[in-house]
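Structure first, commentary second.
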Amino acid sequence: MTRLAILASGGGSNADAILRYFGGHSNIEIALIACNKKAAGVFQVAENHSVESIYMSRERFSEWDGYLPEFQQRNIDGLILAGFLWKVPDTLIKAYPNRILNIHPALLPKFGGQGMFGIHVHRAVLAARESESGITIHRVDEHYDNGDHVFQAACPVEANDTPETLSKRVLALEHNYYPPVIEKYFNERNDSIDS
Ligand code: GRF
């Protein structure tokens, strides 16, 4: 059984899609949700799915141990960033080599990096008059939105799109593809460890 923790900062719609997908039918278990915003909706998502959740303070997460003891105590094998806005500290990168994934709501390497999150991404895509946008699921390294790409899916940008309508179309791709990509990625990792 692979035990994963989801790191989130917002409403948790990705966390909800992932928890629905893995609800008791896979050898992957979402064992913990960790969030850095006390009022975030993702805590309610955790409660709805009876999954333990913890709050992470910036000082401890970014300046000290990255909450690694909390993950190790729960035998967490990998981390899934789902709408998580802080850079992952080296402590966690080293503890989980090639076992941290993130999803970015654009076709990296364009429209990524610091400050490129949420609605800002879609605003930039429209300003650049792109004909398509989409999602990128990638390994996490010490830079924002920089690790090797694991998966990308595209969607059209419509002439009358607003940042909000584009965001909705991209978010639907996230919900649809992140769970199966997580499952494939970590099953492949387990096969390589077991073999
Ligand atoms: C959304 O902008 C999504 O594109 C990105 O994180 C934000 C919040 O996602 N991945 P969620 O609803 O909290 O999962």
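Ligands are counted one by one from 1 in listed order, and the atoms in each one are counted from 1 as well. Residue numbers run from 1 in the order of the sequence given.
- Taking the six-membered ring for Trp and thresholds of 30 and 60 degrees, W86 and F61 have ring planes inclined between 30 and 60 degrees apart.
- Geometric assessment of R99 against the ring of F186 yields a negative cation-pi assignment under the 6.0 Å and 45° thresholds.
- Contacts of ligand 1 (protein heavy-atom distance under 4.0 Å) are G10, G11, G12, S13, N14, G83, I103, P105, G118, L171, E174.
- In this structure, R189 satisfies the cation-pi test against Y185, with its NZ or CZ atom closer than 6.0 Å to the six-membered ring centre and inside 45 degrees of the ring normal.
- Of the candidates T2, N190, N187, N187 is the only one forming a side-chain hydrogen bond (donor to acceptor under 3.5 Å, both in side chains) with N27.
- Within a 6.0 Å sphere centred on CD of E59, other residues, nucleotides and ligands contribute 12 heavy atoms or fewer.
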TODO: Apply the test salt bridge (Lys or Arg N to Asp or Glu O under 4.0 Å) to residues K110 and E130: give CA-CA distance (whole Å), side-chain angles for both, the deciding distance (0.1 Å), then the verdict.
DONE: CA-CA 11 Å; K110 295 167 81 173; E130 297 286 336; 2.8 Å; yes

